[in-house]
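Letters A, B, ... are given to chains in the order of the sequence lines, protein chains preceding strands, and every chain is numbered from 1.
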Number of protein chains: 2
Amino acid sequence: MINLNRDTVVPLYHQLSEILKELIQSGQIPAGTKLPSERELMDRYHLSRNTVRQAIDLLVHDGFVYQDHGKGNYSIGPFLNIQYRIDTFVEHSEFLRRVGSTPTYKNFGTDEIVAPEEVRKALRLGENELVVCFTKLFFANNEPAILTLDYLPRKLLGDNYDRTGSGDAYIRLLEEINGRMVKFTLSDIVAMNATQEIAEYLNLTPGSSILLFQETFLDPSKNVPLGFASNYYHPNIHFRILRHRLNP
Amino acid sequence: MINLNRDTVVPLYHQLSEILKELIQSGQIPAGTKLPSERELMDRYHLSRNTVRQAIDLLVHDGFVYQDHGKGNYSIGPFLNIQYRIDTFVEHSEFLRRVGSTPTYKNFGTDEIVAPEEVRKALRLGENELVVCFTKLFFANNEPAILTLDYLPRKLLGDNYDRTGSGDAYIRLLEEINGRMVKFTLSDIVAMNATQEIAEYLNLTPGSSILLFQETFLDPSKNVPLGFASNYYHPNIHFRILRHRLNP
DNA sequence: CAGTGGTCTAGACCACTGT
DNA sequence: CAGTGGTCTAGACCACTGG
């Protein structure tokens, strides 16, 4: 059994949830099986009840565990594919890390173009305004995972801007340029058939179905668009969301 | 200022989160404004820090508040009214009405089959358990819009169940059978190439890309799966979601 | 430096489930 | 009844932010 490391900055509840998640993902706690009780986990890992519950909360939130009052905490079972909750977002590299892979990325150049219509509308640009488009491909364990086209109005950039798009994190570039936090994206979710070009990037057959997120990055007030990106996801990345019912 | 009621079964953290949420929704804590600090809320409502944090956690999770380490908890502001928002759901007919069309629907029969794997896992059924599958097609202005396969465990239905799946609303059928409200769905979002059969239903070319929502219907505790459905959306139906950023 | 959120402990009592 | 998760308290120390 893996033990906790108390000499690291990683919180104990996070470590415990990773241990339990691994037991679920590896099939050692199959779907429908009861987890050790919270008091048992307290004793076994020398943690307080609250810390154990923080760990379980993470697993519940991520869909690995469900709780039954008076009975116990139960495994929902392993996720077969990469999954992620889409009501939140993080940087692409962090995203790939969170779904359990090692992220890398590669730049595929920088273009100055007239803003495509969806970009122009999202960023409230004028007709024929120029934008800079950074093309990057993110890999998970060296397999292509996400193709991103990040757009920025040309006028916001100086004459000798960083042609690499400031490394892997478009969000941080946005924050640097605009001087405000990026707290939200408004994302349109589209299913599309991979074009020849996209299929080559993602190592797919042209025509196969992929998810495209067209994301408008917003400041904390949700009123000011700061940036726009098109993200093309490899089909083995799955998305999940908890939806709540509106009253009729 | 509203106060807490300590003589009710409603948890204190839930009451506090409702109070704060109302202050945000009504504009009394506008977007970007700092909330009272956690210690201030402790004093004002005579609560422990953990209870205050439980309340804030709810607001963070629901997208009303973001947290900044060392600075404070900030209001994100009231929710905008965005059409097609996928973090909420309504019945299909109501959905089509809300996007501005006239909904109709047609039943395409009822099958008793062994539960497919995704259904079995979602509903926590045993191997080879039978489910009943209701196939329906929803039209928007007489154009095919959503193909739905609604599943129910065979054992929950009597011998002479309604072969029509109780009209257009699978949710209401679920509520009738289980005796509990359907408040949530956990939805997997998948891009897929339309099969020959699906293409015929939706009047598409086979192979064209469509969105599939695989939905597990949950009771209010989010712990009990009540039903499962696969919804295939015609490409002219678009989805949008507001995502908030997680702290790294 | 004081004030903030982030983490953690060691208790307590309750409501719910099964025997 | 004993065992479970659900809620709550009253502390503590840490890391981060800003003046």
task: Provide, to the nearest angstrom, the distance between the CG atom belonging to B:Leu35 and the P atom belonging to C:dG3.
output: 19 Å
- prompt: When you check every protein heavy atom under 4.0 Å of nucleotides 11-19 of chain D, what one-letter string (B, S, -) results, 5' to 3'?
  reply: -B--BBSS-
query: Roughly, in whole Å, what's the span from CD in A:Glu38 to C1' in C:dA10?
result: 16 Å
- line: Whole-Å distance, A:Arg53 CZ to C:dA10 P, equals 18 Å
- line: Taken to the nearest whole Å, CE/A:Met42 to P/C:dC8 is 14 Å
message: Regarding A:Glu38 and A:Asn73, do their side chains bring together a donor and an acceptor under 3.5 Å, going by distance alone?
response: yes
- prompt: After noting the C-alpha distance and the side-chain angles of B:Arg245 and A:Glu91, does the key distance pass the salt bridge (Lys or Arg N to Asp or Glu O under 4.0 Å) rule?
  reply: CA-CA 9 Å; B:Arg245 186 175 182 183; A:Glu91 295 167 11; 3.5 Å; yes
field: Rounded distance in Å - CG (B:Asn5) to C1' (D:dC8)
entry: 16 Å
field: B:Gln54 CD - C:dG6 P separation (whole Å)
entry: 15 Å
message: Between C1' on D:dG6 and CG on A:Asn73, what's the gap in Å once rounded to a whole number?
response: 11 Å
task: Take the protein atom OH of B:Tyr45 and the nucleotide atom C1' of D:dT7, then report the distance between them rounded to whole Å.
output: 19 Å
message: For B:Tyr151, is there any backbone N or O sitting under 3.5 Å from a side-chain donor or acceptor partner on B:Tyr170?
response: yes
message: Give me the stems containing DNA chain C, sorted by first residue, counting only three or more consecutive Watson-Crick or G-U pairs with both distances under 3.5 Å; say none if there aren't any.
response: C:1-16 with D:3-18
- prompt: What orientation do A:Tyr66 and A:Tyr74 show, parallel under 30°, tilted 30 to 60°, or perpendicular over 60°?
  reply: parallel
